[in-house]
Amino acid sequence: MSDVKALTLDGETRQLDEAALDDLRGRVRGELIFPGDPNYDDTRQIWNAMISRKPSIIVRCSGTADVMGAVKFARQHRLLASVRGAGHNIGGMSLQDGAILIDLSAMTSVRVDPEGRTAVAGPGATLGDVDHETQAYGLAVPVGINSTTGIGGLTLGGGFGWLSRSCGLTIDNLVGAEVVTAAGERIKCDASHHDDLFWAIRGGGGNFGIVTAFEYQLHPVGPEVMSGPIVFPFDQAKHILGAYRAFCAGCPDELTVWAVIRDAPPLPFLAEEVHGQRVLILVALYNGDMAAGKKALAELRNLGQPIADGFAPHPFVGFQQAFDPLLTPGARNYWKSHNFTQLSDELIDCLVDYGARLPSPQSEIFVAQVGGAINRVATDATAYPHRDVEFVMNVHTRWEDATDDDGCVSWAREFFAATQPFATGGVYVNFISEGEDRVAGAYGVNYDRLSRVKATYDPDNFFRVNQNITPG
Ligand SMILES: Cc1cc2nc3c(=O)[nH]c(=O)nc-3n(C[C@H](O)[C@H](O)[C@H](O)COP(=O)(O)OP(=O)(O)OC[C@H]3O[C@@H](n4cnc5c(N)ncnc54)[C@H](O)[C@@H]3O)c2cc1C
């Protein structure tokens with residue numbers, strides 16, 4: 001008798017015998033990793049070190065057939081399963097104690113058709129993998145701002161970053177997908193095949209099946225783009241945020257500007273005496289003509305008296321990695337997020353007040369400018385419902401030592417509560433932290449339709465380790 005104990009869909013613990021495990025080995029080309037194996041702890045670790053859960057078996061899938069085999073095995077034994085791309089989900093939605101982990105992180109291929117301007121990405125590809133392959137042809141799909149994030153989870157939640165105001169969300173550029181269903185069968189979905197499923201995976205997360213290939217349309221971008229940070233002393237924060245609001249109101253879609261309150265990082269473009277000082281940083285990218293970008297960014301320079309100015313032409317791929325040193329895996333993280341349609345004076349006061357009292361040197365308040373092309377898509381055109389939002393605030397509370405957990409988490413919750421009166425009540429599904437009950441806010445007006453699609457493709461709620469939609 002083996003000593004592999006797995007959690008069932010009914011919440012019971014089941015011991016899996018050698019015959020069952022041999023059956024699984026026969027179905028999968030990739031590696032199976034069990035508790036006690038030398039690489040078990042390293043392999044189960046995800047980006048957020050706050051979360052440490054122990055799956056019963058890790059199935060390192062090599063391809064779609066492995067995913068089908070793992071799903072069929074789990075179904076046959078009624079086992080709880082979780083799904084992991086690159087493991088960046090802040091709430092640790094890819095891991096559950098006792099569940100079989102269907103790990104896609106080895107499926108990193110990205111194939112580009114430069115003539116057709118499309119790319120097909122495997123579900124384990126990171127944003128860096130996608131940028132690397134597409135930028136070889138001067139092309140890009142809009143994704144997020146940290147290159148080690150997984151394309152899988154990011155796409156299924158929506159996906160936004162520096163190119164989204166000009167080119168839309170990641171899902172607005174998804175043209176088709178290959179999905180392994182809850183029955184372990186592979187189907188393709190796009191605008192004319194399983195269009196209900198295609199609608200649902202564009203914002204409905206991992207509720208409907210396991211996507212084993214994402215096909216995107218691409219846009220010409222760069223290879224150099226006017227971009228960079230401009231850094232202001234924190235005592236100018238209130239004035240700059242007010243001016244930022246006015247600037248954003250007239251901002252062309254090509255330009256995206258995010259505001260960040262944090263301690264100045266020890267990066268070479270900042271003088272040493274500035275390192276560690278509280279600052280307000282405007283980070284911008286202009287996706288278009290270099291001269292027009294220079295002109296647009298020049299206006300930002302005049303908003304106050306900056307300490308440092310890094311606006312310049314940068315390689316797009318490099319800029320996509322610019323935040324990576326501040327977002328490395330292994331730290332403890334607790335995020336809180338709100339959507340805003342505007343930055344009111346009271347909200348700005350609140351940002352400055354809590355920004356002055358960040359709970360740790362690595363914590364930051366991020367205000368991402370969205371809108372533009374994102375908001376020209378109808379609310380019911382895809383499952384992502386937040387098409388009226390102009391700013392997404394994400395509070396990256398981040399620290400190293402577990403003894404700081406209480407102080408950091410309490411600060412984040414207090415700040416979240418203080419800013420709640422100004423928020424829409426909706427939330428980007430990919431920014432929901434562990435223990436938050438925000439499913440209604442994540443799927444908004446599209447929930448009922450999502451629930452009906454769930455009933456069609458996953459009536460038993462096999463895919464339930466996620467921001468879960470109940471079959472309707
Ligand atoms: C440092 C950092 C920066 C970020 N920046 C941005 C940003 O700029 N823009 C943005 O939009 N988001 C951003 N995010 C959020 C990011 O979109 C989510 O964390 C997303 O879940 C990451 O995808 P993943 O594949 O790495 O996640 P995982 O943790 O591997 O997966 C998360 C969940 O997604 C589902 N899932 C993943 N892949 C599949 C699949 N192929 N099929 C079915 N279900 C699947 C599963 O339910 C899984 O539990 C950031 C996150 C981090 C940690």
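The figures here come from the full heavy-atom set of this structure, side chains too, leaving out hydrogens, waters and symmetry mates. In each ligand, atom 1 is the first atom listed, and ligand 1 is the first ligand listed.
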### Task
Determine the sole option in Asp401, Asp405, Val409, Thr397 for which the side chain to side chain contact (heavy atoms under 4.5 Å, CB included) test with Arg332 is passed.
Asp405
Any carboxylate oxygen within less than 4.0 angstrom of a Lys/Arg side-chain nitrogen, looking at [X] and [Y]?
| X | Y | answer |
| --- | --- | --- |
| Arg27 | Asp66 | no |
| Arg53 | Asp97 | no |
| Lys336 | Glu436 | yes |
| Glu178 | Arg186 | yes |
| Asp460 | Arg78 | no |

Would you mind writing out a table of all protein N or O atoms found under 3.5 Å from any N or O atom of ligand 1, naming both atoms and giving the distance to 0.1 Å?
unit_1, atom_1, unit_2, atom_2, d
ligand 1, 8 (O), Ile145, N, 2.9
ligand 1, 8 (O), Phe160, O, 3.4
ligand 1, 9 (N), Phe160, O, 2.7
ligand 1, 11 (O), Phe160, N, 3.0
ligand 1, 11 (O), Tyr428, OH, 2.6
ligand 1, 17 (O), Asn430, ND2, 3.1
ligand 1, 19 (O), His88, O, 3.2
ligand 1, 21 (O), Asn89, ND2, 3.4
ligand 1, 23 (O), Gly150, O, 3.4
ligand 1, 23 (O), Gly153, N, 3.4
ligand 1, 23 (O), Leu154, N, 3.3
ligand 1, 25 (O), Ala86, N, 3.3
ligand 1, 25 (O), Gly153, N, 3.0
ligand 1, 26 (O), Ala86, N, 3.4
ligand 1, 26 (O), Gly87, N, 3.4
ligand 1, 26 (O), His88, N, 3.1
ligand 1, 26 (O), Gly150, N, 3.0
ligand 1, 29 (O), His88, N, 3.3
ligand 1, 29 (O), Asn89, N, 2.9
ligand 1, 30 (O), Gly85, N, 2.6
ligand 1, 30 (O), Ala86, N, 3.3
ligand 1, 30 (O), Gly87, N, 2.7
ligand 1, 41 (N), Val211, O, 2.9
ligand 1, 42 (N), Val211, N, 3.0
ligand 1, 49 (O), Val83, O, 3.2
ligand 1, 49 (O), Met93, O, 2.7
ligand 1, 49 (O), Ser94, N, 3.3

